[in-house]
Amino acid sequence: MSVKTNLSRIRNIGIIAHIDAGKTTVTERILYYTGRSYKMGEVHDGEAVMDWMPQEQERGITITAAVTTCNWENHEIHIIDTPGHVDFTIEVERSLRVLDGAVVVFDAVGGVEPQSETVWHQADKYGVPKIAFVNKMDRIGADYSRTLDMMRERFSSLPLPIQIPAGQEDGFQGIVDLIRRKFITWDNSTQGQNFTVQDVPDEFAGALQDHRDRMIEVLADLDDGIAEKYLAGEEIGEDEIRKAIRQATLSLRAVPVMCGTALRNKGIQPLLDAVVQYLPSPVDVPPVRGHHPVTHEEEVRHSSAAEPLCALAFKVQLDEGRKLTYLRIYSGQVKAGGEIYNAGKGRKEKIARLLKMHANKRERLETAIAGDIIAVVGLKETATGDTICDEGHPILLEPMDIYEPVISQAIEAKTPSDQERLVVALAKFVDEDPTLRVKYDDETAQTVISGMGELHLEIIIDRLIREFNAHVNVGKPRVVYRETIQKSVELDGVFERELGDRRHYGSVRLRLEPLERGMGNDIVNRIDPAQVPEEFHQAIVEGIREAIFSGTVAGYPVIDVRITLLGGLHRDSESSQLGYKIAASTAFRGGFAQADPALLEPIMLVDILSPSEFMGEVIGDINARKGEVQAITPRGPISEIRAKVPLRAMFGYSTDLRSATQGRATFSMHFLEFGKSGS
């Protein structure tokens with residue numbers, strides 16, 4: 001079999017969804033039916049293969065993206081099972097960055113939930129083709145049509161049902177395949193291993209015809225060949241329909257929608273067929289583009305083992321004290337014992353071992369080629385987002401987006417030996433998790449850890465104790481604020497002092513201007529080299545960069561400010577790098593204090609699902625927290641309330657919401673923006 005044929009039979013997919021939609025259960029069933037595991041692991045029993053961390057098993061949630069490989073219909077499928085909780089959204093982000101396709105799982109009762117939207121838009125950002133699987137069709141309140149309507153409303157993609165459920169809730173029997181016009185049921189006595197494909201019963205014949213006609217109409221809009229036959233009234237074959245669906249999926253113009261119930265073992269085998277039929281292989285996706293680290297010219301790598309090596313390190317994980325670096329290989333090949341080149345750091349590293357991962361179990365490999373997702377042991381300096389390549393043909397891929405933390409917590413070691421272990425553990429956690437920040441406060445002798453949410457920090461502290469035996473006292477979570485300015489100012493900064501045996505001088509003029517929220521900081525150099533020689537310009541920029549780490553209101557990082565370097569003065573014998581650096585920093589701090597500085601706080605988008613009879617209490621509570629209700633959407637007996645609320649008002653909210661709604665409401669939230677603090 002040629003390399004190209006091999007590559008065309010590979011699928012790199014992710015399972016993504018809102019928390020509790022059933023991602024891990026779907027993955028467990030896939031592993032069982034493909035023969036990868038011999039027992040179905042259940043999330044509620046803490047036995048899911050893919051949820052291998054103790055913290056995942058106890059809480060029944062996925063925390064870290066787990067990689068595995070299985071085979072179906074002579075195709076090799078690499079799967080990443082991702083977390084649904086917003087605190088671990090970096091795991092989804094870095095997985096989607098390297099995947100070719102995704103299966104998005106929806107809860108048939110909840111429909112399109114907040115985190116479903118987040119992961120869908122993350123997949124859109126990276127141009128990842130998708131299949132949708134509407135899960136939990138057997139649960140009370142399951143509604144396939146409503147879920148499809150929500151998908152049409154909230155996503156720019158076009159949902160294309162290729163199955164409809166045969167019944168819903170207690171009456172869910174199986175599925176009706178619109179392409180083959182068949183009725184599929186599963187045998188409970190064989191754990192869904194055996195299924196029957198038969199003619200569609202009369203009770204579903206009308207629904208089959210209606211939905212199939214609609215499916216053909218949609219495809220006729222997307223495919224000229226189908227359109228011709230449709231307008232001529234000719235019969236359209238199954239293979240033609242599948243080919244049109246595949247093209248529409250790969251071009252991101254449509255998303256095939258399927259249904260089932262993973263917990264009851266129904267609907268998984270057709271989903272696997274769809275992964276093979278409709279999601280792309282490495283040769284179907286566009287070649288990766290980057291730039292040469294020295295010349296900055298564009299470099300392109302096609303998915304082929306014959307091209308020079310290009311891979312992305314998308315995840316770093318500690319496993320039994322060893323550092324595993326997960327790579328997606330886009331082109332070329334790597335060998336155990338061989339050398340690779342880290343283009344960003346300009347360093348060579350040696351591969352000790354190559355591993356094919358099955359959650360936390362491993363299988364040794366000698367060689368890995370384009371299209372593979374593997375783990376490597378031995379890369380000491382490679383971090384998340386680094387490009388691995390061939391030194392003779394270097395390429396730098398676009399770095400990954402990393403989210404900024406919004407919540408922090410002070411911790412301190414209980415004993416000196418705990419302190420030693422704490423330092424080692426946190427250094428390793430920061431390597432693993434780009435969204436974790438660690439800062440040591442000299443004044444209080446405390447370590448401050450910052451992350452994406454309360455659960456994120458809770459898991460870090462739990463791992464400190466379990467994995468490193470580092471016991472800590474924990475302070476209350478605190479909000480991480482930002483600072484900005486509200487008006488423009490111009491200011492001079494001058495530094496003139498004798499230090500050691502020489503005089504240092506620097507003089508810099510700056511203009512500070514406020515930018516719109518989310519624009520970030522912008523440093524513009526307009527200094528005339530005749531005023532200040534170019535050799536000192538870098539020192540001035542460094543002085544500014546150091547100064548924006550802490551504003552003058554409360555010492556938080558500065559955001560959304562444009563700093564224009566206007567000019568300065570120069571003295572031949574006295575001007576120095578240090579003088580200009582301190583002058584720039586002084587000018588920035590002085591200007592910042594005069595530019596009407598303001599504190600900004602994290603504003604969260606909160607999504608609450610509550611029985612309609614408690615709407616008044618829920619909205620009243622949001623208002624009391626200085627929140628702002630954005631939308632209220634009735635969904636039968638349940639209402640969805642969307643609101644913007646300051647993060648500081650959301651501590652302990654889950655307990656208060658349960659009390660107000662007799663435990664019947666649920667909520668999720670994610671960071672929206674930094675807004676002006678009301679405190």
Side-chain angles (χ1 to χ4, degrees), residues 291 293-296 344-346 385 396 398-406 434-435 437 439 450 480-496 504-571 575-600 602 673-676:
H291 64 268
V294 179
T295 65
H296 299 291
K345 296 195 167 80
L396 257 182
E398 188 184 330
M400 294 170 71
D401 288 340
I402 303 297
Y403 298 94
E404 288 298 313
V406 295
T435 58
R437 304 278 194 282
K439 193 169 86 178
S450 306
V480 178
Y481 291 86
R482 295 287 186 272
E483 296 184 25
T484 194
I485 56 172
Q486 298 177 91
K487 69 176 188 183
S488 299
V489 296
E490 283 189 22
L491 200 78
D492 291 308
V494 179
F495 180 78
E496 189 173 4
H504 293 268
Y505 174 80
S507 173
V508 179
R509 184 165 186 78
L510 306 176
R511 180 168 63 240
L512 305 184
E513 300 165 88
L515 294 174
E516 285 182 34
R517 288 293 79 81
M519 295 282 285
N521 295 318
D522 185 21
I523 300 174
V524 181
N525 186 358
R526 295 245 170 87
I527 298 175
D528 184 347
Q531 285 184 310
V532 178
E534 274 191 44
E535 65 195 87
F536 298 114
H537 291 194
Q538 189 57 38
I540 294 170
V541 172
E542 280 176 23
I544 301 291
R545 286 205 175 119
E546 285 179 16
I548 60 180
F549 277 121
S550 58
T552 60
V553 182
Y556 289 104
V558 172
I559 60 168
D560 303 334
V561 176
R562 176 176 288 129
I563 305 108
T564 308
L565 315 179
L566 299 173
L569 297 173
H570 176 67
R571 291 181 188 167
S575 290
S576 68
Q577 304 275 357
L578 179 66
Y580 281 112
K581 190 173 179 180
I582 297 173
S585 179
T586 306
F588 177 83
R589 290 184 180 285
F592 194 84
Q594 292 176 26
D596 194 8
L599 205 58
L600 300 174
E673 63 191 4
F674 280 103
K676 198 165 174 193

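Remember, it's a predicted structure, so these values are computed and weren't measured experimentally.
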Rounded to the nearest 0.5 Å, how far apart are [atom1] of [X] and [atom2] of [Y]?
X	Y	atom1	atom2	value
Leu566	Arg526	CG	CZ	8.0 Å
Ile523	Arg562	CD1	CZ	12.0 Å
Arg517	Ile559	CZ	CD1	6.0 Å
Tyr481	Phe674	OH	CZ	10.5 Å
Arg511	Ile563	CZ	CD1	12.0 Å
Thr484	Asp560	OG1	CG	5.0 Å

Going by ring pair (Phe, Tyr, Trp, His ring centres under 6.0 Å), name the residues that satisfy it together with Tyr505, two or more places apart in sequence or in a different chain.
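Once residues adjacent in sequence are excluded, Tyr505 has no partner under the ring pair (Phe, Tyr, Trp, His ring centres under 6.0 Å) criterion.
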
Nearest heavy-atom pair of [X] and [Y]: which atoms, and what distance?
X	Y	value
Ser507	Val494	OG-CG2, 3.9 Å
Glu483	Phe592	OE1-CE2, 3.6 Å
Pro597	Gln486	O-NE2, 4.1 Å
Ala583	Gly493	CB-O, 3.5 Å
Ile485	Ala595	CB-O, 3.4 Å

With [X], which residues qualify under side chain to side chain donor-acceptor pair (under 3.5 Å), at least two apart?
X	answer
Thr586	none
Arg437	Glu404
Lys487	none

Tell me, yes or no, whether the heavy-atom count around Glu496 atom CD, taken from other residues, nucleotides or ligands under 6.0 Å, exceeds 12.
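More than 12 within 6.0 Å, yes.
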
Check residues 527-541 and write down every donor-acceptor pair under 3.5 Å in which the side-chain atom is one partner and the other belongs to a residue at least two apart or another chain.
| unit_1 | atom_1 | unit_2 | atom_2 | d |
| --- | --- | --- | --- | --- |
| Asp528 | OD1 | Ala530 | N | 2.9 |
| His537 | ND1 | Asn525 | ND2 | 3.3 |
| His537 | NE2 | Val532 | O | 2.8 |

Report the C-alpha distance between Leu491 and Leu510 in whole Å, list the side-chain angles of each, state the deciding distance to 0.1 Å, and finish with yes or no for side-chain contact (heavy atoms from CB on, under 4.5 Å).
CA-CA 6 Å; Leu491 200 78; Leu510 306 176; 5.8 Å; no

Could you tabulate the donor-acceptor pairs under 3.5 Å formed by side-chain atoms of residues 542-557, not counting sequence neighbours?
| unit_1 | atom_1 | unit_2 | atom_2 | d |
| --- | --- | --- | --- | --- |
| Glu546 | OE2 | Lys581 | NZ | 2.9 |
| Ser550 | OG | Arg589 | NH2 | 3.3 |

